[in-house]
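Here's the structure we're looking at; comments come further down.
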Amino acid sequence: MRQQLSARALVCALALPVTASAASFNPDISLILEGRFADFEQDPEQYELPGFARGSHTGPGEEGFSLGHSELVLSGTADDLFFAKLTAALHTHEGETDVELEEAFIETLGLGSGLTVKAGRFFSGVGYLNEHHPHAWDFADAPLVYAGLFGGQLNDDGIQLRWVAPTDIFLQLGAEFGRGENFPAGGAADDGSGTAALFAKIGGDVGPSHSWQLGVSRWHADVDGRTGGGHSHGGATETPSFTGESDIAGIDFVWKWAPNGNASERNLKLQAEYFERDETGDVALIGSSPLEQSSYDGTQSGWYTQAVYQFMPRWRVGLRYDRLKADNRGSDADVLGEAGLDNEGHTPRRTGIMVDYSHSEFSRLRLQFNRDRSSAASDDQIMLQYIVSLGAHGAHKF
């Protein structure tokens with residue numbers, strides 16, 4: 001479970017006395033405000049993703065008017081060696097407002113030889129979309145494969161090493177070692193060093209109008225008591241818990257087109273990612289009496305592909321298709337069913353279309369429609385979203 005801070009604690013932390021030396025630091029401060037109105041055909045509280053253990057950040061969200069995923073960001077250079085950044089996300093659920101510490105890291109500057117080291121809490125370099133904050137997504141929600149495998153996005157406490165090769169074509173290699181506390185890991189196994197990842201990205205330009213990037217990645221976790229989902233029976237709650245090993249392999253590809261490199265008038269972005277997860281271990285229903293357990297051998301996979309076209313200044317349209325597949329087995333099918341790991345003979349899939357208008361680089365309005373077949377009951381979803389950025393804000397990733 002991701003660590004959460006109270007709003008009062010965050011305000012108190014930001015209100016600490018400022019010394020003369022601290023005043024010279026003057027970090028950049030930015031605020032991302034996001035809100036939405038949503039209408040669903042099905043009850044979002046009954047949302048299911050058959051065959052996938054769900055993290056806390058999955059599902060279509062709340063119906064009606066709601067505060068979406070807003071962010072408060074502080075960043076800046078501490079000195080000539082370190083850059084630092086903190087991102088606190090604010091979101092509401094059932095009338096409660098939570099402040100979640102998404103990022104809090106330091107990153108080296110100017111080490112030379114193409115090497116960069118990052119330490120703290122950060123989004124993993126696995127995949128393409130994972131490192132992008134939600135306000136930079138081209139759709140109002142995460143792809144199904146991110147919801148099913150990562151519980152939304154993959155972040156952790158740890159250390160990351162990146163190396164960019166001194167070549168004409170872009171080539172980056174990276175490695176990460178993490179605590180393993182957050183979904184889809186859990187329990188901070190191996191004395192708080194339960195996860196490891198490797199990734200590589202290669203890309204370049206094709207003439208003045210085209211650019212591309214291809215990435216591959218692999219993530220491993222020793223999991224000790226990962227929880228997710230649950231069912232109620234006569235007032236008693238049984239919480240599924242997984243202990244074992246989890247491995248995720250992925251490939252991602254992005255192609256961008258803009259006439260002579262000028263994206264202000266027209267541009268097109270094609271994007272696709274595929275992930276596969278293999279897990280072995282044991283599933284227990286915490287709260288059952290006597291304790292119900294099952295061996296577990298699961299394979300889940302999923303992919304999405306999307307195209308976003310800016311057909312005139314400020315206006316874009318987009319189309320996305322998602323699809324998942326699960327093949328999970330164990331010694332007790334009933335336990336796996338209670339844990340949400342029975343695919344129920346269903347293949348989750350979803351089609352989404354969107355149109356958005358950006359009055360400037362600091363504001364965006366988006367209308368999105370999903371035909372969601374995550375479960376057997378089809379769900380038509382409509383979302384109207386606004387995103388406004390205040391203050392200093394760095395350039396988005398490729």
Side-chain angles (χ1 to χ4, degrees), residues 102-103 105 107 113-118 122-139 141-156 158-178 182 184-185 195-206 210-221 246-258 263 267-278 299-308 318 320-325 394-398:
E102 280 190 345
E103 293 181 309
F105 64 80
E107 188 174 38
S113 302
L115 182 65
T116 302
V117 180
K118 182 186 294 185
F122 50 85
F123 287 119
S124 172
V126 168
Y128 172 75
L129 193 64
N130 192 74
E131 287 189 295
H132 294 70
H133 286 266
H135 69 267
W137 295 350
D138 293 315
F139 289 81
D141 45 15
L144 286 181
V145 67
Y146 272 74
L149 297 190
F150 298 155
Q153 281 182 278
L154 184 62
N155 77 336
D156 203 356
I159 188 169
Q160 180 192 81
L161 294 85
R162 291 177 184 255
W163 176 70
V164 177
T167 55
D168 291 336
I169 194 169
F170 172 72
L171 173 62
Q172 181 185 80
L173 306 179
E176 298 171 352
F177 304 92
N182 296 338
T195 66
L198 295 173
F199 58 88
K201 302 181 188 296
I202 186 172
D205 297 327
V206 180
H210 301 268
S211 57
W212 61 277
Q213 180 177 285
L214 174 67
V216 294
S217 53
R218 188 168 184 87
W219 178 88
H220 171 82
S246 181
D247 290 278
I248 299 176
I251 183 169
D252 56 88
F253 181 73
V254 180
W255 185 284
K256 295 184 178 183
W257 168 83
N267 65 79
L268 173 68
K269 180 167 71 171
L270 305 178
Q271 178 178 323
E273 296 189 69
Y274 172 85
F275 293 98
E276 180 173 295
R277 176 168 66 189
D278 292 305
T299 299
Q300 299 117 20
S301 61
W303 57 272
Y304 75 92
T305 183
Q306 68 181 53
V308 176
R320 181 181 66 187
Y321 181 74
D322 307 72
R323 196 174 184 90
L324 300 178
K325 181 181 179 181
H396 293 151
K397 297 179 180 293
F398 176 85

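- Across all their heavy atoms, Gly152 and Ala142 have their closest contact at O-CB, 4.4 Å.
- In terms of heavy-atom proximity, Asp322 sits nearest to Pro143 at OD2-CA, 3.2 Å.
- A 4.5 Å side-chain heavy-atom check between Phe199 and Trp219 finds every atom pair outside the cut-off.
- Rounding to the nearest 0.5 Å gives a distance of 5.0 Å between OG of Ser217 and CZ of Phe275.
- Under the 4.5 Å side-chain criterion, counting only non-hydrogen atoms from C-beta, Asp141 is in contact with Arg320.
- Between Phe177 and Ala196, the shortest heavy-atom distance links the atoms CD2-CB, 4.0 Å.
- Atom-to-atom distance recorded for Asp252:CG and Leu129:CG is 9.5 Å, nearest 0.5 angstrom.
- With Asn155 contributing its side chain and Glu103 its backbone, the two residues share no donor-acceptor pair below 3.5 Å.
- With sequence neighbours left out, the side chain to side chain contact (heavy atoms under 4.5 Å, CB included) criterion links Ser124 to Val126, Asn130, Leu154, Glu176.
- The CD atom of Gln300 sits 9.5 Å away from atom CG of Leu324, with the distance rounded to the nearest 0.5 Å.
- In this structure, the separation between OG on Ser211 and CH2 on Trp257 is 12.0 Å, given to the nearest 0.5 Å.
- Annotation for Leu149 and Arg277: closest pair O-NH1, 3.0 Å, computed over non-hydrogen atoms.
- By the 4.5 Å heavy-atom criterion applied to side chains, Phe398 and Lys201 are not counted as neighbours.
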For residues 165-173, which side-chain N or O atoms pair as donor and acceptor with protein atoms under 3.5 Å away, sequence neighbours left out?
unit_1: Thr167; atom_1: OG1; unit_2: Ile169; atom_2: O; d: 2.6
unit_1: Gln172; atom_1: OE1; unit_2: Arg162; atom_2: NH1; d: 2.7

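- With hydrogens and angles left out, the side-chain atoms of Tyr304 and Glu273 include a donor and acceptor closer than 3.5 Å.
- Between Trp212 and Ile202, some side-chain heavy-atom pair lies under the 4.5 Å cut-off.
- Under the 4.5 Å side-chain criterion, counting only non-hydrogen atoms from C-beta, Lys269 is in contact with Val254.
- The closest side-chain heavy-atom distance from Val145 to Tyr274 is not below 4.5 Å.
- When all heavy atoms of Trp137 and His132 are compared, the pair lying nearest together is NE1-O, 3.0 Å.
- When side chains are defined from C-beta on, Phe253 does not count as touching Ile251, because their heavy atoms never get closer than 4.5 Å.
- Annotation for Phe123 and Gln160: closest pair O-NE2, 4.4 Å, computed over non-hydrogen atoms.
- Rounded to the nearest 0.5 angstrom, Lys118 NZ and Ile159 CD1 are separated by 11.5 Å.
- A distance of 9.5 Å separates CG in Leu268 from NE2 in His210, rounded to the nearest 0.5 Å.
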